[in-house]
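A quick write-up on the structure given underneath.
All values below come from the heavy atoms of this structure, side chains included, with hydrogens, waters and symmetry mates left out. Throughout, a chain's letter reflects where its sequence line sits, starting with A, and its residues are numbered from 1. Given the structure is predicted, the values throughout are model-derived calculations rather than measurements.
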Amino acid sequence: MSLDKDTVRRIAMLARIKVPEADLETMAGELNNILGWIEQLDEVDTDGVEPMTSVSDFRPELRADVVNDGGDAERALANAPENANGFFVVPKVID
Amino acid sequence: MSKLLKGRTGDWEIVIGLEIHAQSITKAKLFSGASTAFGAEPNTQVSLVDAAMPGMLPVLNEESVRQAVRSGLALNSKINLHSVFARKNYFYPDLPQGYQISQFESPIVGEGELEIDLADGEVVTVGIERLHLEQDAGKSLHDQHPTKTYIDLNRSGITLMEIVSKPDMRSSEEAVEYATKVRSILRYIDTCDGNMQEGSLRCDANVSVRRPGEALGTRCEIKNLNSFRYLRQAIDHEAVRQVEILEDGGKIAQETRLYDTAKGETRSMRSKEEAHDYRYFPDPDLLPIDLSEEFVARMKATLPELPDARKERFVTAYALSPYDASVLVSERDTADYFETVAAGRDSKLAANWVISDLFGRLNKLTIPVSASPVSAEALGELIDLISDQTISGRIAKDVFSEMFESGEGAKAIVEKKGLRQVTDEGAIRGQVQSVIDDNPDKVADYRGGNDKLVGWFMGQVMKASQGKANPGMVNKLLREMLSA
Amino acid sequence: MKLTELTIAAARDGLAAGEFTSVELTAANLSAMENTRDLNAFVCETAEKAQDMAAASDVRRARGADLGAMEGIPIAVKDLFCTEGVRATACSHILDGFTPPYESTVTTNLWDAGAVMLGKTNMDEFAMGSSNMSSYDGPVTNPWRAGDDGAKLVPGGSSGGSAAAVAARMAMGATGTDTGGSIRQPGAFCGVVGMKPTYGRCSRWGVIAFASSLDQAGPLTRTVQDAAIMLGAMAGHDPKDSTSVNESVPDFEAALTGDIKGLRVGVPKEYVVDGMPGEIGELWRRGVDWLKDAGAQIVDISLPHTKYALPAYYIIAPAEASSNLARYDGVRYGLRVEGDSLQDMYANTRSEGFGAEVKRRLMIGAYVLSAGYYDAYYLKAQKVRARIAQDFHDAWETVDVVLTPTAPSAAFAQGEKMDDPIAMYLNDVFTVPASLAGLPAISVPAGLSSDGLPLGLQIIGRPFDEETMFRVAGVMEREAAFTAHPMTGEA
Ligand SMILES: [Mg+2]
Ligand SMILES: [Zn+2]
């Protein structure tokens, strides 16, 4: 599989990263290099192998349904680049 | 009643599937210890986890699991002993993590079925595809500032159960009945309060149209319908819109739409459309949920009698009509209320009083049965007074009014106002006689063949007795004495 | 002997004997930090906090209060750990000025054990790298040089600042995090011990996430014994991390019996790569001999999927990272670069906030999870991961630990391999398999290259059997007798 400029543009959009039009080609080349190297995985026979999501085979204890957090808007907002009246503030979203 | 939509070029069938987002009743959030209480000041119920601070990790709330399993059981659906949380990745300012923790390939509840009753008596079976657990997003306020959107994360991370139906509904009526039934069941088992105004229950409707018998058409998803009225309107409008496009030779674009309640129409939500590729993958911060059969059995044992079973019992045990029974069981509180009233009493009389008199008053004032000024015990006392002939049915209506307004007991009102029914034949005979004596022309008329006048005489005697005379006795004596 | 030259174990004894105070020990380290600032190992020095914590420790000691395992010991903390009131930026521009109002579980455990915080150490941005060149705070210089006028070398990565700080005697130990080798490889490059515990042994709560299924915290120290002491203080069950295992923490130090008679050491034939200097293979063989001489039984084994670990890792880690780093959007904390619209603000913030390597991985991550590619890349990588874990599982039938080189080369010059991502990724070729399998592994300095640069050997253990791994590492350390010093040049 080889990535073209359009695909790079699309995944840059998905990742919310700006790739200048002039850099798309170079970026595609770089990513193709890496993906080409990754594709050696095709050599591995994985028929019937369960995909491994986690190395942990235990099951954690769940949290009791108790309110023991929150209650501090100041703390939540302390690092916000912009806030007003207790809200986080962002440029207007147009639906 | 045909469910087909008449177009210019023939009939169309509407195909509807619903996704219901039901907020689970828990004190804390799905993955954090912040409160879920409604109506708090902005961002006061936000833990570091809910704000997706760096390095924060989700820990699953055990109550959310219980509620999901109980809901799945109550919805006649299969419980999956193994389920997995997955991340649904997209950017939105009220989604702090940049992904929603949801369930994708392995939901906690699998397929099931619900039967719904339509007004004309038809019973329709609607398939349930799945119920999965997921986090709610925060709230974006677009109207606080001309160029800014304000974000409140209080709702961020609250447990939602997304209940996905199969595309088994063929009219907005069926969709509303199905949603009503789901809501009723969840309220019965206390897993969701069903409060649509507060957003505790929201519907997304997938709507498509096709020629009867043909394959499924392209669907549009109408998001976030927060009342059954809007659900009905949105589906009806959307179906007509699609038919118009198709009949004009156009094509339906698969997209997400929003119902504009002011304009009464749906419109495209383009911003949510652009390249939605959610890149689901299993959440590595959470391990799978593995349940035991024993746990599921324990959850099953916590379920109360559900609406369907209760309705059946009401029909057989209380000899109610299926319609009356279904009205009474739609809410657990109502059914409980009725059963208290009916205990040891005439069940049909009890049903009439609860449905016509009590509900009539409550609905007018939009008071829930749980807040009724007349308790089930008090209504029972009133019915007892009717049954033992202490008061007439007519007087009972006034007593009930008084009870509703003052909160006083039936007996107390009857005593205080001296409303006991008069059954002394001698006294009633005297009152009948004086009405006859005072109205010789009417008597002549009656005797001349105007039978209907008996009603007028009845009214006069009741008035003279201030409504207290036993109506049966008045009627009997009137006929006897008028004919004499 | 200078206080900064002491091991944690020796300092512990000296403090207990009243030979010096924690305030003195801490002051010595703080002044070493000042004198060695040109290495750029620290991105934030917390001298005042260090002095206060040291003084408090001395008070506790004077009172005879319950003393912790790290009582009075000054250490450095990788900038990936959230530290209350102290910057935590993962050395990324996008977390500019972020000061967490909370403390990670691992560092909390360390402070509870009496440790003293010297400051935050430099690292590759978001722990993505093997050279520390991707830090927004600039590169770290390895205290080692190849010869007298050799070029500035990288300390390895991503815990490059931590490894350099410990090697250069600025800190007695430092926390690191290891996702694919980020403790062990810089440990090897800087001639210190770098240890990654079993996945689930240390809580990830409060550690800025890179790849959740792989990230583990661990210690960088100058000796195996110090690593055992420090890990004991860091580890433990944490209900705030669902992947933290609910098992008690063994006395790792007690496992260092020096006796490995009869233990079976696996030597996997696949741990060889093209272009690997012969001296690394030689050192590995020497390591085998040391352990054999100490009474271990050497078993030739095969871990057949080893070569696929790295490419699998470069799908799984970027995939998880692309999701983990989605929260850096300029809304709630860190950098915001305004734009014409919300979408513009997102893209501006993330384009300016992330460095080239991070962006590259976020793009790969988004791609391998995207519609149509998930099965071919992500799912395939997870299946290969299962194969790799199975290789180890099979090996445990016949061996107790596995011995390999830590890295395929010694430290290289700053700026090298920068235009060749795959060459850079190959640094982790020997460390990544244990990461994918979630196994404990330790790099022990075992010798010098012909250029006089340190080289490490890696011992991989069974899940939650750090004790056996430590025991073998202790023997290896003793046999290797690595005493070379980067600052004095003394061997
Ligand atoms: Mg949906
Ligand atoms: Zn949903």
- Quick one: what part of Asn89(B) sits under 4.5 Å from any heavy atom of chain C, side chain, backbone, both or neither? side chain
- Message: Working to the nearest 0.5 angstrom, can you tell me the gap between Arg87(B) CZ and Glu320(C) CD?
- Response: 7.0 Å
- For His145(B), does the NE2 atom have more than 12 heavy-atom neighbours from other residues, nucleotides or ligands under 6.0 Å away? yes
- Message: Which one wins on heavy-atom pair count under 4.5 Å against chain B: Gly330(C), Ala366(C), Ser104(C), Ala211(C)?
- Response: Ala366(C)
- Taking Ser242(C) for its side chain and Pro58(B) for its backbone only, find out whether a donor-acceptor pair lies under 3.5 Å. yes
- Message: I need the residue from Ser322(C), Gly206(C), Gly334(C) with the largest number of non-hydrogen atom pairs under 4.5 Å to chain B.
- Response: Gly206(C)
- Does a donor on one side chain and an acceptor on the other come within less than 3.5 Å for Ser370(C) and Arg279(B)? no
- Message: Just to be sure I understand the criterion: a residue of residues 82-102 of chain C counts if one of its heavy atoms is under 4.5 Å from a heavy atom of chain B. Which ones qualify?
- Response: Cys82(C), Leu95(C), Phe98(C), Pro101(C), Tyr102(C)
- Task: Determine the option with the most heavy-atom pairs under 4.5 angstrom with chain C, choosing from Pro54(B), Gly55(B), Pro284(B).
- Result: Pro54(B)
- Leu57(B) versus Lys240(C): any side-chain heavy-atom pair under 4.5 Å? no
- Residue-level interface, residues 382-389 of chain C with chain B, non-hydrogen cut-off under 4.5 Å: none
- Message: Between Arg350(C) and Phe91(B), does the side-chain contact (heavy atoms from CB on, under 4.5 Å) criterion hold? Intermediate values first, please.
- Response: CA-CA 12 Å; Arg350(C) 292 169 61 82; Phe91(B) 284 88; 3.6 Å; yes
- When rounded to the nearest 0.5 Å, the distance separating OG of Ser323(C) from CG of Asp283(B) is 7.0 Å
- Checking Leu342(C) against chain B: side chain, backbone, both or neither under 4.5 Å from a heavy atom? side chain
- Task: Examine whether an atom of Asp215(C) lies under 4.5 Å from a heavy atom of chain B, and if so say whether it belongs to the side chain, the backbone or both; otherwise answer neither.
- Result: neither
- Query: So which part of Phe81(C) gets closer than 4.5 Å to some heavy atom of chain B, the side chain, the backbone, both or neither?
  - Reply: neither
- Item | Heavy-atom closest contact (Pro282(B) atom, Tyr374(C) atom, distance) | CD-OH, 3.5 Å
- Nearest 0.5 Å, what's the CD1-CE distance between Ile208(C) and Met56(B)? 9.5 Å
- How about Phe281(B) and Tyr378(C): are their ring centres within less than 6.0 Å of each other? yes
- Please confirm whether the backbone N or O of Met53(B) pairs with a side-chain atom of Arg332(C), one donor and one acceptor, at under 3.5 Å? no
- Message: Are there over 12 heavy-atom neighbours, none belonging to Lys166(B), within less than 6.0 Å of that residue's NZ?
- Response: yes
- Message: Other residues, nucleotides and ligands only: do more than 12 of their heavy atoms fall within 6.0 Å of CD on Glu41(B)?
- Response: no
- Side-chain contact test, heavy atoms from C-beta onward, threshold under 4.5 Å: evaluate it for Asp285(B) versus Thr243(C) and give yes or no. no
- Among the listed options Val49(B), Thr147(B), Leu48(B), the residue most often paired with chain C at heavy-atom distances under 4.5 Å: Leu48(B)
- Query: Hey, is CZ on Arg70(B) packed in by over 12 heavy atoms from elsewhere, all under 6.0 Å?
  - Reply: yes
- Top contributor to chain C interface from Gly98(B), Ser32(B), Pro93(B) [non-hydrogen pairs under 4.5 Å]: Pro93(B)
